[in-house]
Amino acid sequence: MSKTTNQGGQSIGDALKSWFTVAVIVISFVIAYMVYKYVMGAPINFEGGMDLIKNKVPADKWHPVPGNLPGNDL
């Protein structure tokens with residue numbers, strides 16, 4: 001019984017598996033970026049909170065709230 005193949009000689013199942021793997025990796029990077037930006041970098045984790053955003057303070061001037069792990073440099 002022969003497998004159905006695409007033009008590259010791969011079976012359709014193998015091609016789908018490789019695309020699934022690529023999709024999982026891309027989605028993982030997107031989720032990691034969102035956690036980094038919106039959880040670890042949320043203004044509430046830094047001294048001054050939302051005033052940092054309102055006053056357009058550069059990110060390198062933000063100081064983490066003492067004892068708050070998400071705002072600390074890891």
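Every heavy atom of this structure was used, including side-chain atoms; hydrogens, water molecules and symmetry mates were not.
- Residue I25 belongs to a hydrophobic cluster whose other members are F29, with links defined by side-chain heavy atoms closer than 4.5 Å.
- I44 CD1 to E47 CD: the interatomic distance, rounded to the nearest 0.5 Å, is 12.0 Å.
- Note: F20 CZ to I27 CD1 = 8.0 Å, rounded to the nearest 0.5 Å.
- Follow the hydrophobic side-chain contacts under 4.5 Å out from M50 and you reach V57 in the same cluster.
- Taking NZ of K56 as the start and CG of D51 as the end, the distance is 14.5 Å to the nearest 0.5 Å.
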